[in-house]
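Bear in mind that the values here come from a model prediction, so they are computed numbers and not experimental data. Values below: every heavy atom of this structure, side chains too, minus hydrogens, waters and symmetry copies.
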Amino acid sequence: MDALTLGIPRGYLTDPSLYPSSTPPGCPHDPSPPGGPGAGHGPGADVASASSAARGRCGTCTWSCASPSRRRARRLRGRARWSCAARAGAAAELRLDAHPSLAVTAGQELPVESRPFASYGSALHIALPQPPRAGQLLTLLIDYEAGEGPGVCWLSPEQTAGKQKPYMYTQGQAVLNRSFFPCFDTPSVKFTYSATVKVPEGFTAVMSATSWEKQKDNTFVFKMSQPIPSYLIALVVGDIVSADVGPRSRVWAEPCLIEAAKKEYDGVIEEFLVVGEKLFGPYVWGRYDILFMPPSFPFGGMENPCLTFVTPCLLAGDRSLVDVIIHEISHSWFGNLVTNATWGEFWLNEGFTMYAQRRITTEVYGLPYTCLEAATGRALLRQHMDATGEDHPLNKLRVVIEPGINPDDTYNETPYEKGYCFVSYLAHLVGNQSKFDAFLQAYVNRFKFQSITADDTLGFFLEYFPELKEKGVDSIPGFEFDRWLNTPGWPPYLPDLSPGQQLMRPADELAELWAADSLNMEAIEAVDITGWRTYQLVYFLDQVLQKSPLPEGNLKRLSKMYPKISKAQNAELRLRWCQIILKNNLEAEYSKVKDFLHSQGKQKYTLPLYRAMWGGSEATRALAMETFSATAPQLHVNVQNYVKKILGLAAAEA
């Protein structure tokens with residue numbers, strides 16, 4: 001199963017008259033029509049892409065992949081078919097994004113040259129016989145071979161939940177899919193695709209596609225009928241099965257996890273989708289499936305359309321983390337349907353998604369709970385800006401990504417939480433939630449299937465609310481739209497989170513009681529936490545962690561009194577409980593730290609615990625070395641390297 005590949009034997013120009021319409025088959029969409037939304041900020045504005053990225057209709061990708069199950073191979077071999085419409089003044093050359101790990105088969109009919117571009121990719125220059133005419137169609141067939149590039153992840157059996165078979169998945173965001181197949185690897189270009197994937201017996205392939213079909217010889221055929229950017233194309237090959245959990249949703253997982261996944265999410269997803277549709281308009285992607293990745297998956301989730309990838313840490317056993325999926329569902333409108341044209345304006349994806357997520361949670365769980373969750377997000381933004389300094393250039397919403405800089409290196413909390421604050425400020429200017437909800441629906445409808453800039457977004461906002469434009473709300477001193485976009489620092493406006501106080505106050509008071517030198521058990525026992533949801537418990541544990549180490553004996557009593565916390569399977573609670581154990585040197589429960597690290601490899605949970613262990617006592621340092629020695633083979637290679645740095649092993653190996 002360990003193989004994938006890419007290349008180019010021939011390409012040819014075709015006359016538009018050969019097609020029944022002015023667009024290639026399967027490729028009806030123009031992401032940036034002349035003079036329309038997106039005009040003037042075409043693919044050339046994305047310095048992270050080496051591609052010529054034709055402005056017009058950008059083709060179909062068709063893969064036919066063979067993946068033999070020889071572990072030493074780890075290659076994917078396939079053929080891509082690109083159909084593109086030429087722009088006026090196009091040169092006699094087509095450029096695609098690629099990667100040094102991507103092999104192009106020799107003996108092409110068209111001259112092909114791979115040239116250096118950046119540390120994260122290369123440029124594939126394909127010479128055409130002559131400059132194409134405006135609107136002329138180019139169809140290019142590309143044979144390719146992908147190996148162990150950064151976007152193609154090969155897992156050994158030890159890195160899976162079942163421990164029996166290898167597993168392969170791709171991760172495209174932000175600029176990684178150029179190591180999966182040669183493409184226009186920029187969010188400014190959207191295209192439809194189809195794929196044919198052949199895998200060995202005993203394995204199943206799934207993709208981010210609107211339809212899929214299993215044929216003979218264990219061949220799977222996929223089609224994405226809606227145009228998407230390259231980073232949202234995703235493929236998984238593994239020992240996976242599925243179970244229906246709603247009228248348009250199923251869960252996918254390894255066989256040993258499928259029952260837990262079905263139990264956790266049965267009937268849940270549809271409720272969130274219905275609320276999302278009420279707020280933001282129709283869900284256009286057909287199905288919404290969730291794939292629970294192997295425990296070594298280092299991320300929380302990835303919003304691949306029709307097939308969201310998530311960590312198995314969401315399987316808490318009591319549905320206490322099901323609301324985490326609301327963020328990925330919200331991307332169905334913001335990010336996947338309306339997309340940032342460049343990674344420098346990532347807030348257009350994530351700021352709007354955070355706002356949408358919190359609108360859905362308000363409808364489902366109420367405003368106090370949403371405000372409590374938002375307060376945790378604000379605290380993360382505060383921590384980030386304290387660590388970097390508020391004036392750091394990455395603390396702007398419109399980040400200038402210089403040529404050669406990997407967009408992934410600009411990732412931080414700012415586009416999420418400062419972006420959320422800006423969208424909340426726009427809602428504040430409107431002053432009426434129903435009217436702003438209607439604007440969001442109109443915004444999605446106006447820009448669906450397009451890639452846009454902040455200028456497009458804010459221009460439409462002022463067009464939709466002409467009375468606000470008349471008032472000059474874009475230039476209110478201290479709150480200028482330009483300041484929001486281009487000035488680093490703390491958000492000029494913070495939404496009111498005071499409704500969350502009714503949940504935070506009892507958690508604060510309870511933490512104070514447990515931090516006291518003499519425990520007031522009567523007051524403690526009077527607080528009933530059985531009805532507290534995850535974020536209230538998280539907030540309580542964060543306060544306990546801040547007050548740690550607690551007076552001698554307090555933590556043992558807390559552990560015994562709250563098995564809902566100390567024996568939780570909820571990963572957010574387990575992380576914080578493990579941090580509290582380590583900070584209080586509660587050796588009797590060190591086994592819980594070890595068990596948690598054995599059970600998963602998510603970066604967000606793994607690294608803080610190793611930092612806490614290595615910064616602690618000799619006993620916790622020994623625990624860190626022992627645990628890493630046992631779990632290293634099951635971790636993603638990037639997480640392995642991060643842990644080695646924490647433990648000082650990287651320098652020793654060097």
Over 12 foreign heavy atoms within 6.0 Å of NZ, K435: no

Please say whether more than 12 non-hydrogen atoms of neighbouring residues, nucleotides or ligands are located less than 6.0 Å from NZ in K263.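 Counting neighbours around NZ of K263, 12 or fewer heavy atoms of other residues, nucleotides or ligands fall under 6.0 Å, so no.
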
How about [X] and [Y]: do any of their side-chain heavy atoms sit closer than 4.5 Å?
X    : Y    : result
P488 : K396 : yes
E373 : Y365 : no
Q173 : F346 : yes
P491 : K418 : yes
L381 : T414 : yes
V338 : W333 : no
W252 : L307 : yes
Y535 : D323 : yes

For side-chain contact (heavy atoms from CB on, under 4.5 Å), just list the numbers for L314 and V322, CA-CA rounded to whole Å, side-chain angles, deciding distance to a tenth of an Å, and then say yes or no. CA-CA 7 Å; L314 296 189; V322 294; over 6 Å; no

Would you please test E626 and K594 for salt bridge (Lys or Arg N to Asp or Glu O under 4.0 Å) and show each step? CA-CA 9 Å; E626 176 193 344; K594 187 190 301 185; 2.7 Å; yes

Without swapping roles, check the side chain of [X] against the backbone of [Y] for a donor-acceptor pair under 3.5 Å.
X    : Y    : value
T534 : S320 : yes
N570 : A316 : no
R358 : C371 : no
Q634 : H598 : yes
E277 : P282 : no
Q640 : A632 : yes
R250 : A243 : no
E264 : R319 : yes
S208 : N304 : no

Which of these, E413, H384, E390, sits in a side-chain hydrogen bond (donor to acceptor under 3.5 Å, both in side chains) with N395? H384

Look up atom [atom1] in [X] and atom [atom2] in [Y], then write down how far apart they are to the nearest 0.5 Å.
X    : Y    : atom1 : atom2 : result
L607 : Y642 : CG    : OH    : 8.0 Å
E270 : R248 : CD    : CZ    : 4.0 Å
L315 : K262 : CG    : NZ    : 14.0 Å
W285 : I228 : CH2   : CD1   : 6.5 Å
S548 : L541 : OG    : CG    : 9.5 Å
L367 : L372 : CG    : CG    : 11.0 Å

Among Q600, Q579, Q569, find the one that has a side chain to side chain contact (heavy atoms under 4.5 Å, CB included) with R574.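 Testing R574 for a side chain to side chain contact (heavy atoms under 4.5 Å, CB included) against Q600, Q579, Q569 leaves exactly one candidate, Q569.
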
Residue from V544, D542, I581, L545 passing side chain to side chain contact (heavy atoms under 4.5 Å, CB included) with R576: D542

Salt bridge (charged side-chain N to carboxylate O under 4.0 Å, His left out): pairs with one or both residues in residues 595-614, sequence neighbours excluded: E572-K604

Taking all heavy atoms of [X] and all of [Y], pick out the closest pair and write down the distance.
X    : Y    : answer
S249 : I269 : OG-CG2, 3.4 Å
L573 : K564 : CD1-O, 4.2 Å
P549 : N584 : CA-OD1, 3.1 Å
E254 : I240 : N-CG2, 4.1 Å
T311 : F292 : O-CD2, 3.9 Å
P312 : L257 : CB-CD1, 4.2 Å

Are the ring centres of W514 and Y562 closer than 6.0 Å? yes

Aromatic contact, F297 with Y169 (centres under 6.0 Å): yes

Under 3.5 Å, sequence neighbours excluded: what are the donor-acceptor pairs made by side chains of residues 348-355?
unit_1 : atom_1 : unit_2 : atom_2 : d
N349   : OD1    : N340   : N      : 2.9
N349   : ND2    : Y231   : OH     : 3.1
N349   : ND2    : N340   : OD1    : 3.1
E350   : OE1    : H327   : NE2    : 3.2
E350   : OE1    : H331   : NE2    : 3.2
E350   : OE2    : H331   : NE2    : 3.2
T353   : OG1    : H331   : ND1    : 3.0
T353   : OG1    : F334   : O      : 2.8
T353   : OG1    : N349   : O      : 2.6
Y355   : OH     : Q433   : NE2    : 3.1

Verify side-chain contact (heavy atoms from CB on, under 4.5 Å) between L503 and W532, making sure each step is shown before the conclusion. CA-CA 9 Å; L503 299 177; W532 289 13; over 6 Å; no

Check this for me: does any side-chain nitrogen of one of R359 and E363 sit under 4.0 Å from a carboxylate oxygen of the other? yes

Any side-chain donor-acceptor pair under 3.5 Å between Y288 and T308?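 There is such a pair (donor and acceptor under 3.5 Å, judged by atom type) between the side chains of Y288 and T308.
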
Any side-chain donor-acceptor pair under 3.5 Å between E589 and S559?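 Checked: E589/S559 side chains pair up, N/O donor to acceptor below 3.5 Å.
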
Test S330 against F272 for side-chain contact (heavy atoms from CB on, under 4.5 Å), laying out the working first. CA-CA 9 Å; S330 299; F272 298 151; over 6 Å; no

Are F628 and K644 close enough, and set up right, to give a side-chain contact (heavy atoms from CB on, under 4.5 Å), and what steps lead you there? CA-CA 9 Å; F628 182 63; K644 286 179 181 178; 3.9 Å; yes

Just checking, R382 and W490: is the charged tip under 6.0 Å from the six-membered ring centre and within 45° of the axis? yes

